Amino acid sequence: AQQGRVREKTYGKQKIYFADQEQLPAASDAELRGLDGEIAALSAKVQAVQQSCRQMEAELKDLNSSMTTPEMAREIEELRKDCTSYTEKLDRIKSATNHVTPEEKEKVCSEQKLYCKEWRRRKRMATELLEAILEGYPKSKKQFFEEVGIETDEDHNVTLPA
């Protein structure tokens, strides 16, 4: 500051030092326009490099999140093993000789319907009979069931098939 290269400004207790611009040569308008053009060109170049960098980072992220070649080979091998085991299972199922014929299936379904119908009929009869008894019974339904030893479908979480 004493030699005149740097200027000093005092703001209260603080001092600020900055370069003395009067010692620098003054630039002409042509030089300033040239420098502005150079700045614009360099800014465009920086933008292009930043865009390229973002694209490369995105590509790197994709590559890091994807499987490597050895992992992919292992995955393919596991899938092939699964495929062969499923093919063998399918062949065993197809070659089984104990298939159910449509007639047997129909017979079983009709028997199930018959038994469910009978179950409903008997449950309805038992319910009607118990309700008739409970009309004259002084205690609650639950107490009556406990004394007599009746177990209902609901006690065992059993429901009639639809």
Side-chain angles (χ1 to χ4, degrees), residues 8-19 35-162:
E8 172 186 340
K9 281 196 177 182
T10 305
Y11 294 102
K13 294 182 178 180
Q14 296 178 342
K15 292 183 181 181
I16 298 176
Y17 295 93
F18 56 92
L35 288 174
D36 286 342
E38 189 177 334
I39 287 172
L42 289 174
S43 294
K45 188 175 181 181
V46 165
Q47 289 287 344
V49 169
Q50 285 177 339
Q51 179 65 26
S52 173
C53 183
R54 281 193 292 273
Q55 288 174 347
M56 288 181 181
E57 285 175 349
E59 185 177 341
L60 177 64
K61 184 179 176 185
D62 288 344
L63 290 173
N64 283 338
S65 65
S66 64
M67 294 176 136
T68 63
T69 304
E71 290 173 343
M72 190 70 72
R74 267 182 283 171
E75 183 72 20
I76 289 172
E77 190 60 35
E78 288 176 20
L79 290 173
R80 284 192 177 133
K81 288 177 184 175
D82 290 347
C83 186
T84 55
S85 69
Y86 289 138
T87 305
E88 290 171 4
K89 186 175 181 180
L90 179 63
D91 291 340
R92 281 195 310 269
I93 291 172
K94 284 182 177 179
S95 66
T97 56
N98 58 354
H99 291 293
V100 177
T101 63
E103 296 83 22
E104 291 173 334
K105 182 179 175 183
E106 185 61 37
K107 180 182 174 191
V108 169
C109 288
S110 64
E111 285 179 358
Q112 184 202 19
K113 287 179 187 175
L114 175 72
Y115 294 141
C116 286
K117 184 178 175 184
E118 187 65 24
W119 184 358
R120 282 189 190 87
R121 187 179 69 80
R122 290 183 182 191
K123 184 173 181 172
R124 185 175 57 250
M125 287 182 350
T127 305
E128 290 172 359
L129 182 66
L130 290 171
E131 286 175 2
I133 293 172
L134 286 170
E135 284 179 9
Y137 192 73
K139 296 180 184 175
S140 70
K141 182 178 182 180
K142 187 176 182 180
Q143 289 174 334
F144 175 70
F145 282 7
E146 284 181 18
E147 283 182 21
V148 178
I150 297 175
E151 295 177 355
T152 62
D153 293 340
E154 290 77 21
D155 292 340
H156 296 281
N157 296 324
V158 176
T159 57
L160 281 166

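The first residue in the sequence is number 1, and the count goes up from there. Treat the numbers as computed from the prediction; the structure is a model and nothing was measured.
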Can you tell me if [X] has over 12 outside heavy atoms packed within less than 6.0 Å of its [atom1]?
X   : atom1 : answer
M67 : CE    : yes
F18 : CZ    : yes
Q14 : CD    : no
Q50 : CD    : yes

Going by salt bridge (Lys or Arg N to Asp or Glu O under 4.0 Å), name the residues that satisfy it together with K139, two or more places apart in sequence or in a different chain. E147

Hits for salt bridge (Lys or Arg N to Asp or Glu O under 4.0 Å) against R122, two or more places apart or cross-chain, chain-then-number order -> E118

Just wondering, do [Y] and [X] contact through their side chains at under 4.5 Å, heavy atoms?
X    : Y    : value
K142 : E146 : yes
R121 : K117 : no
E111 : K107 : yes
K89  : S85  : no
D155 : F145 : no
S43  : Q47  : no

Can you tell me how far apart [atom1] ([X]) and [atom2] ([Y]) are? Round to the nearest 0.5 Å.
X    : Y    : atom1 : atom2 : result
D62  : E57  : CG    : CD    : 12.0 Å
R74  : T68  : CZ    : OG1   : 6.5 Å
K81  : I76  : NZ    : CD1   : 13.5 Å
I133 : E131 : CD1   : CD    : 11.0 Å
K61  : L63  : NZ    : CG    : 12.5 Å
K105 : C109 : NZ    : SG    : 6.0 Å

For [X] versus [Y], what's the shortest heavy-atom pair and its separation?
X    : Y    : value
P161 : R120 : O-NH2, 2.8 Å
T10  : G12  : CG2-O, 3.4 Å
T127 : K123 : OG1-O, 2.7 Å
V158 : W119 : CG1-CH2, 3.5 Å

Without swapping roles, check the side chain of S52 against the backbone of A48 for a donor-acceptor pair under 3.5 Å. no

